[in-house]
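Remarks on the structure that follows.
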Amino acid sequence: MAKKIVKFEYEKETKNSVRYTEVPDEGTAPIMGTLYVQKWFAGNSKTLEITIEKKD
């Protein structure tokens, strides 16, 4: 099992959600790219981290 922490930075607000853009590690391609999070959860957060775990 491999775990990866993916970091996101605030990009813009839409009607009901906040758009975040992935900040990939240097020299690697993005894993998820863009993330939309509902405003009620995102609040005023400028950064988010998501942990992804692969189960083979």
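Positions are given from 1, in the same order as the sequence printed here. Fair warning: this is a prediction, and the values are worked out from it, not measured in the lab.
Nearest heavy-atom pair across Lys3 and Glu53 is CE-OE1, 3.4 Å.
A search for side chain to side chain contact (heavy atoms under 4.5 Å, CB included) contacts involving Val37 returns Tyr20, Leu35, Phe41, Ala42, Leu48, not counting sequence neighbours. Taking the side chain to side chain contact (heavy atoms under 4.5 Å, CB included) definition, one finds that Ser17 meets it with Thr14, Tyr36, Gln38, sequence neighbours left out.
In the hydrophobic clustering, where aliphatic and aromatic side chains (Ile, Leu, Val, Met, Phe, Trp, Tyr) are joined below 4.5 Å either directly or transitively, Ile5 stands alone.
Counting heavy atoms from C-beta on, the side chains of Val18 and Lys39 come closer than 4.5 Å. Looking at Ile50 and Glu22, their side chains never come closer than 4.5 Å, going by heavy atoms from C-beta outward.
When hydrophobic clusters are built by joining Ile, Leu, Val, Met, Phe, Trp and Tyr residues whose side-chain heavy atoms come closer than 4.5 Å, directly or via intermediates, Phe8 is grouped together with Ile31.
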